[in-house]
Protein chains: 2
Amino acid sequence: MDIFNLSSRELGLLIFLAQNRAAEREIEITTTQLANFFHISQQTASRCLLKLNKLEIVTWKSSPKGSLVKLTSDGVYMLDQLRLELEKALHPDLMSIKIRGTITTGKGEGKYYISQPGYMESFKKKLGFKPFLGTLNVKIKSDCIKQLELIRGSWPIIIENFENEERTFGKVLCYPLKIVGLDAKVVGIIPQRTHHPSNVLELISKLNLRDTLNLKDDDEIEIEFPLEYKRESD
Amino acid sequence: MDIFNLSSRELGLLIFLAQNRAAEREIEITTTQLANFFHISQQTASRCLLKLNKLEIVTWKSSPKGSLVKLTSDGVYMLDQLRLELEKALHPDLMSIKIRGTITTGKGEGKYYISQPGYMESFKKKLGFKPFLGTLNVKIKSDCIKQLELIRGSWPIIIENFENEERTFGKVLCYPLKIVGLDAKVVGIIPQRTHHPSNVLELISKLNLRDTLNLKDDDEIEIEFPLEYKRESD
DNA sequence: ATTACTATTTTGCGAGTAG
DNA sequence: TCTACTCGCAAAATAGTAA
């Protein structure tokens, strides 16, 4: 789903909802309120919500007393996506986004997840390499959080969800990156569920990054995200 | 003109043009190219450009050989505006934007301009105070340029253009700000012509800011731009 | 090749109203 | 009150084509 497939009304509605904190939690709202705000009819507001709901951009519970609306992670992604496009529009000379962060030690979850055969197969197929069984956790510096958000706005390589006997594993979003000073392919991974603001980015590579780069906790590295100037043609 | 009055097609077109550097200079493009990119008919692309041109969002010279298109300052403003709305959507808890900069000495132009009676009248009427005859020039730190762009995306108080016997004076855009640590009303002013990236913000106030705050060149100050959460109702 | 007019089709809005 | 249906009309898209 592409932000440019939404009508301007739907986009405006999405922004309005997010500004009213509907990205974090369900908010109460009536179609009449929306209609008044946007100077449209109540029917049109209703139709818009209906469509956003069908597109899985918002979840929506309607009742004769009003509506409860919340953005889905797809909805937030739409906004991130638009933000990246705008960034490229306002800074067409920008070739890459640079992010600084420090090495941190996770709870070993990353290793557990990427070791799952269901993921490993997809990694090999879609990323073109078999990742080292471990992730390098990078805590993004606070003044680079916006850059991380920009990366989220780009079209990721999607590692599909799957399930085994015990449980289900969600989708993983992958972003091809570079570590400044290292030539090897590196990929940032973000589990789809986690659209809550996380300031830790997990990196995978064919190599054991921690050893190769001889990194200790709190060491600082710089990550580079190359921008491409072709938009997905739907 | 409000960004939310554009159709999504027009918005997409505007972003596309800006991404192709049409904010800086005239670019060559044909309506057929646009039609292919957006998967619409050539006629619709033509009409979109026509409309953007009529709204003075782009300048457009068409000929049987193709078109030359360039964004106007209004066009860039549309994008800045959308960026601010998105910022508020993605960070609904943000109450203000903070910018750091250092004091610098201008060429005395600021004083010349704001002393013009044509401006002075408007300042008094629209800002509610008679500014001190001089501006405090603040060179924005490079890592705060984006915040300055966000301010440009807000709806300014507009001091109208006028002319006297000798020459014409353009519009001035005013943004109510705060200097951290000072209670007095302060206003950032940007001449409308200057939509070229300027990293200097001129501040005016009833007070002589330089003296009141006892500032020397290269001193650092922090500026705060309060965000409001009501959108203009057309 | 272009742009852009006219005719026709399609989409989408708002009014009225049922649940 | 709410949401959300149908219907009639208006706006906007496409196709064909002229310049």
Side-chain angles (χ1 to χ4, degrees), chain A residues 1-17 20 22 26-72 75 78 233-234, chain B residues 1-17 20 22 26-72 75 78 233-234:
Chain A
M1 187 57 201
D2 193 308
I3 187 76
F4 293 101
N5 294 128
L6 294 183
S7 76
S8 72
R9 191 129 305 157
E10 288 149 8
L11 175 60
L13 181 53
L14 188 62
I15 291 177
F16 174 82
L17 293 171
N20 288 89
E26 282 187 328
I27 61 168
E28 283 182 62
I29 201 135
T30 70
T31 51
T32 316
Q33 285 175 295
L34 293 174
N36 291 337
F37 185 85
F38 287 105
H39 307 285
I40 55 176
S41 69
Q42 173 271 324
Q43 295 84 338
T44 301
S46 173
R47 252 194 310 249
C48 270
L49 267 179
L50 201 65
K51 186 164 169 210
L52 288 181
N53 185 52
K54 189 166 287 171
L55 292 170
E56 300 192 343
I57 288 171
V58 302
T59 59
W60 178 34
K61 296 166 196 157
S62 68
S63 78
K65 288 197 296 185
S67 300
L68 288 172
V69 185
K70 185 177 185 298
L71 266 66
T72 64
M78 296 278 126
S233 39
D234 306 7
Chain B
M1 187 57 199
D2 191 307
I3 187 77
F4 293 101
N5 294 128
L6 295 182
S7 75
S8 72
R9 190 118 318 145
E10 288 149 8
L11 174 61
L13 181 52
L14 187 63
I15 291 177
F16 175 83
L17 292 171
N20 287 283
E26 283 187 327
I27 61 167
E28 283 181 62
I29 200 132
T30 71
T31 50
T32 316
Q33 285 176 295
L34 294 174
N36 290 338
F37 185 85
F38 287 105
H39 306 286
I40 56 176
S41 70
Q42 172 272 324
Q43 295 84 338
T44 301
S46 173
R47 249 178 317 105
C48 269
L49 267 179
L50 201 64
K51 186 164 168 209
L52 288 181
N53 185 52
K54 188 167 289 171
L55 292 171
E56 301 193 342
I57 288 171
V58 302
T59 60
W60 178 33
K61 296 166 196 156
S62 70
S63 77
K65 289 196 298 187
S67 300
L68 288 172
V69 184
K70 184 177 186 298
L71 267 65
T72 65
M78 296 278 125
S233 39
D234 303 7

- Message: On the nucleotide C/dG12, are OP1 or OP2 found under 4.0 Å from the side-chain N or O atoms that A/Arg47 carries?
- Response: no

- Query: Short question: side chain of A/Ser67, backbone of A/Thr30 - any donor-acceptor pair under 3.5 Å?
  - Reply: no

- Task: Could you identify which residues of residues 27-36 of chain A place a heavy atom less than 4.0 Å from some atom of DNA chain C, listed by residue number, or say none?
- Result: none

- Over all atoms of both residues, closest heavy-atom pair of B/Thr59 and B/Asn53: CA-OD1, 3.7 Å

- Message: Given D/dA13, D/dA4, C/dA4, identify the nucleotide with an atom nearest to the side chain of B/Arg9.
- Response: D/dA13

- Query: Is A/Ser41 near enough to C/dA15 that one of its side-chain N or O atoms lies under 4.0 angstrom from OP1 or OP2?
  - Reply: no

- Task: Pick base, sugar-phosphate or nothing for B/Thr44, based on heavy-atom distances below 4.0 Å to the nucleic acid.
- Result: base

- Output yes when a side-chain donor or acceptor of A/Asp2 lies under 3.5 Å from a complementary backbone atom of A/Phe4, and no otherwise. yes

Please tabulate the protein-to-nucleotide N/O contacts below 3.5 Å involving nucleotides 6-9 of chain C, giving atom names and distances.
none

- Item | Pairwise distance CG(A/Leu49) to CG(A/Leu14) - rounded to 0.5 angstrom | 10.5 Å

- Message: At 4.0 Å (heavy atoms only), tell me whether A/Ser7 reaches a base, stays on the sugar-phosphate, or touches nothing.
- Response: nothing

- Determine yes or no for a side-chain-to-main-chain donor-acceptor pair under 3.5 angstrom, with A/Ser63 supplying the side chain and A/Lys65 the backbone. yes

- For the helix from C/dT2-D/dA19 to C/dG19-D/dC2, measure the angle between the helix axis at one end and the axis at the other, each built from five pairs, rounding to 10°. 40°

- Classify the nucleic acid contact of B/Leu50 as base, sugar-phosphate or nothing, counting any heavy atom under 4.0 Å across all strands shown. nothing

- Note on the structure: Testing D/dA4, D/dA13, C/dT3 for proximity to the side chain of B/Ser62, the answer is C/dT3

- Task: Give one of base, sugar-phosphate or nothing for A/Leu49, where a contact means two heavy atoms less than 4.0 Å apart.
- Result: nothing

